[in-house]
Amino acid sequence: LHYNPAVLKVVGVRDGGLLSPGNFQSGDNGGQVFATALLVGNPNGISATGQVAIFDFQVIAPGPADIRMEVIELRGVDNQFIAAIPSPAP
């Protein structure tokens, strides 16, 4: 997730719960924040809708936030790619 670090500050990245319990990691590189989530202990995978990650920002200055998601990569239990269509936050 790309953002304008002159306008926004990342205050947290949380596990959205869709793949819990599992392995969740996140990081912030100042202008780009990421989350990686792995479903563990379920060899059949899941069929579900929901939140994988929740990104919390604080506005620190006026200006364009420039938030944009550029990469979504989902994989199945056999490591095959799965199409992902993000939906906007409510």
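The hydrophobic clustering, which links ILVMFWY residues whose side-chain heavy atoms are closer than 4.5 Å, places Phe34 and Phe57 apart. There is no path of hydrophobic side-chain contacts, each under 4.5 Å, that joins Ile60 to Ile67.
Nearest heavy atoms, Val13 versus Ala35: CG1-CB, 4.1 Å. Here the closest non-hydrogen pair linking Leu18 and Thr49 is CD1-O, 3.6 Å. Considering every non-hydrogen atom in both Val33 and Gly27, the closest pair reads CG2-O, 3.1 Å. Contact between Phe24 and Ala37 at its shortest, heavy atoms only, is CD1-CB, 4.0 Å. The heavy-atom pair separating Gly63 from Val7 by the smallest distance is O-CG1, 3.6 Å. Smallest separation of non-hydrogen atoms from Arg75 and Ile82: C-CD1, 3.6 Å.
Considering OG1 of Thr36 and CG of Leu19, their distance stands at 11.5 Å, rounded to 0.5 Å. Here CG of Leu8 is found 8.0 Å from OH of Tyr3. Values are rounded to the nearest 0.5 Å. Residue Asp15 holds its CG atom at 11.5 Å from CD of Gln25, rounded to the nearest 0.5 Å. In this structure, CG on Asp28 lies 10.0 Å from NZ on Lys9, to the nearest 0.5 angstrom. Atom-to-atom distance recorded for Gln32:CD and His2:NE2 is 4.0 Å, nearest 0.5 angstrom.
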The test is side chain to side chain contact (heavy atoms under 4.5 Å, CB included); show your working for Asp56 and Val10 and say whether it passes. CA-CA 6 Å; Asp56 297 311; Val10 176; over 6 Å; no
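Of the possible donor and acceptor atoms, none in the side chain of Asn23 sits under 3.5 Å from a partner among the backbone N and O of Leu38.
Taking Phe55 as the reference, nothing meets the ring-ring contact (aromatic ring centres under 6.0 Å, His included) condition, with sequence neighbours excluded.
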